[in-house]
Amino acid sequence: MTTPAGWYDDGSGNRRWWDGTQWTQHVVTAPQPAPAAPDPSDAAADADASARETVAAAAEATPSEDASATAEPAPFAPPYTAPSSADTGFARTELAPAAAYPPYGTVPGAPGVGQPGPSAPSRFPVLGVIGLIVVVVGVIVACLPPIALVGWGLLALGAVLSLVSLFVRGRKWPGITGLVVAVVGAVLAVAVSLITFTATSIADRAPEPFATPSARPPAEGATPAPGDGPSAIEGAEMVPFAELQVGDCLPLVEYDAEDQIYDLPVVPCEQPHTDEIYYIFQVEGEGEFPGDDPLYEIAWDGCIAQFEAFVGVPYESSVLDVYSYQPTRSSWARADDRTVHCIVFSYEDVTGTLRGAGY
C-alpha cells in the first residue's frame, strides 16, 4: 500500500509535501515560540557565563577535514515507503483520477437540486378497474326487480375491490371512481326499489280484473236490487270476476254501460233471481286493446254461438235474452284481461237454473 500524497512531518519538525512517491522541495516551517523577555537583573550573570564558555571552546582542538567529511548528515528518507512490485510479486495498479466532488447540498449518485430524476413507471390499476366494472354491473342489475338481490351483492363486492385498490401501488382514479359510482348507484337502486314496491302494492290492492257490462234490456216483472247496492241483497255474496263460474245465479242489478265492475253478487239458484252465467271464454289477441265496439262484437258473437247449447233452443226462438261482461282498456293493458262472461237472463224472476229451460 502506498502513502497518499499530502503534508507530513519530515523528521525535522517541519511539514514537507509527499507527492505519493517521494519528498518534494515544498516545506512549511513550523512556527517557533516567541522568546521570553530577558530579566535585566540577570543580564550581567548571563554575560559572564557566555565569556567563560567562549574561552573553553577556543581551548578545544578543532576537528580534521576527514572527520568533517564523515560528519555530514545522510539524506532524509520518508517515514515509510511502499515495497516495489518486484519485491511483492504483484503487478502495480494505477488508480484512476478521482472524480470531482459533487456540489454542496447534493448526494453523490443522486439527482441535483432542481434536476428531478426519472420517475418510476406507474403500475396499471388492475384491481381498481375490476372493481369499477363490477360496480357498474351491480348498479344495472340492482335496478332490475327480479334480480335486485344479485345486483346488490355485486355492488357491495365492487365497492370493496375499489376501496382495497386505493391501498395498492398504482393509479388511484379507478378506485375513487368505483366508490363514487357505488354510492350513487346504491341511492338509485334504492329509489327504483321503492318505486317498484309502491307500484306493486297499489296493483295488489286494486281488484283485477274488472269489466263493463254490455247493454241489458230492462226487466219488467223482476225485482231490482235495493238502493243500497248489490251487496245488500239477501243471501248475495260478492264474487270477483276471476272466481265466477258457469252456473252462478245473479239477481237483477241495473248497471250503467259506463260502470266499471269489479265483482258480482252471486245468490243461490233456489232463490228468486233473473240472471245466470252460461259461458266464459278468452278473447284471442296479445296486441293493443281493440276498442270497445270491436270487443263488444267479439263478445256478442261468442255468446250467441253457445246460447242453444246451454238453454236448449236457438237464441232466435227463446224468450230469454243475453248480455256480457268484457274487458276494459285498463284491465286489458294492466291485468292482461281477456275474459268474456256470457249472461242469460229472464225478464221475470225465476227459481232454479236456466240450463236446459227450453224456452
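Just the heavy atoms: all of them, side chains too, but no hydrogens, waters or symmetry mates, feed the values below. Because the structure is a prediction, the values reported are computed rather than measured.
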What is the ring orientation for Y279 with F281, classed by angle as parallel under 30°, tilted 30 to 60°, or perpendicular over 60°?
->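 Parallel.
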
State the CG-CG distance between L149 and L144, to the nearest 0.5 angstrom.
-> 12.0 Å

Nearest-0.5 Å distance, OH of residue Y296 to OG of residue S324 | 6.5 Å

Flag yes if W300 and Y323 sit in one hydrophobic cluster, no otherwise; membership is Ile, Leu, Val, Met, Phe, Trp, Tyr, and two members link when side-chain heavy atoms are under 4.5 Å apart.
->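 Same cluster: W300 reaches Y323 through Ile, Leu, Val, Met, Phe, Trp or Tyr contacts under 4.5 Å.
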
Between E348 and S346, is a side chain to side chain donor-acceptor pair (under 3.5 Å) present by the stated rule, with each step listed?
-> CA-CA 5 Å; E348 297 180 354; S346 171; 5.9 Å; no

T198 (side chain) donor-acceptor with L194 (main chain) under 3.5 angstrom = yes

Give a yes or no on whether the backbone of A189 and the side-chain of S193 come within a donor-acceptor separation of less than 3.5 Å.
-> yes

Taking only residues two or more places apart in sequence or in another chain, which ones pass side chain to side chain donor-acceptor pair (under 3.5 Å) with [X]?
X: T353; value: E276
X: Y315; value: D321
X: E237; value: none

Does any part of the side chain of [Y], heavy atoms only, come nearer than 4.5 Å to the side chain of [X], both counted from C-beta?
X: I280; Y: T339; result: yes
X: L264; Y: Y325; result: yes
X: C342; Y: F307; result: no

In sequence, state the C-alpha distance, the side-chain angles, and the governing distance for V192 and T196, and then conclude on side-chain contact (heavy atoms from CB on, under 4.5 Å).
-> CA-CA 6 Å; V192 172; T196 303; 4.0 Å; yes

With sequence neighbours left out, which residue pairs that include part of residues 156-191 fulfil the disulfide (SG to SG under 2.5 Å) condition?
->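 Checked against disulfide (SG to SG under 2.5 Å) - neighbours excluded - no pair reaches residues 156-191.
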
Test side chain to side chain donor-acceptor pair (under 3.5 Å) on S162 and S165 and set out the steps.
-> CA-CA 5 Å; S162 298; S165 69; 5.4 Å; no

Worked check of side chain to side chain donor-acceptor pair (under 3.5 Å) between T351 and D349 = CA-CA 7 Å; T351 302; D349 288 336; over 6 Å; no

Can I get a per-line list of side-chain donor-acceptor pairs under 3.5 Å for residues 238-249, giving both atom names and the distance, sequence neighbours left out?
unit_1 : atom_1 : unit_2 : atom_2 : d
D248   : OD2    : Q245   : N      : 2.9

Face-on cation placement of R338 at W332 ring, 6.0 Å and 45° thresholds | yes

Would you check if the distance from the ring center of W23 to the ring center of W17 is below 6.0 Å?
-> no

Compile the donor-acceptor pairs under 3.5 Å between side chains in residues 172-183 and protein atoms, sequence neighbours left out, one pair per line.
unit_1 : atom_1 : unit_2 : atom_2 : d
K172   : NZ     : L166   : O      : 3.0
K172   : NZ     : V168   : O      : 2.4
T177   : OG1    : W173   : O      : 2.7

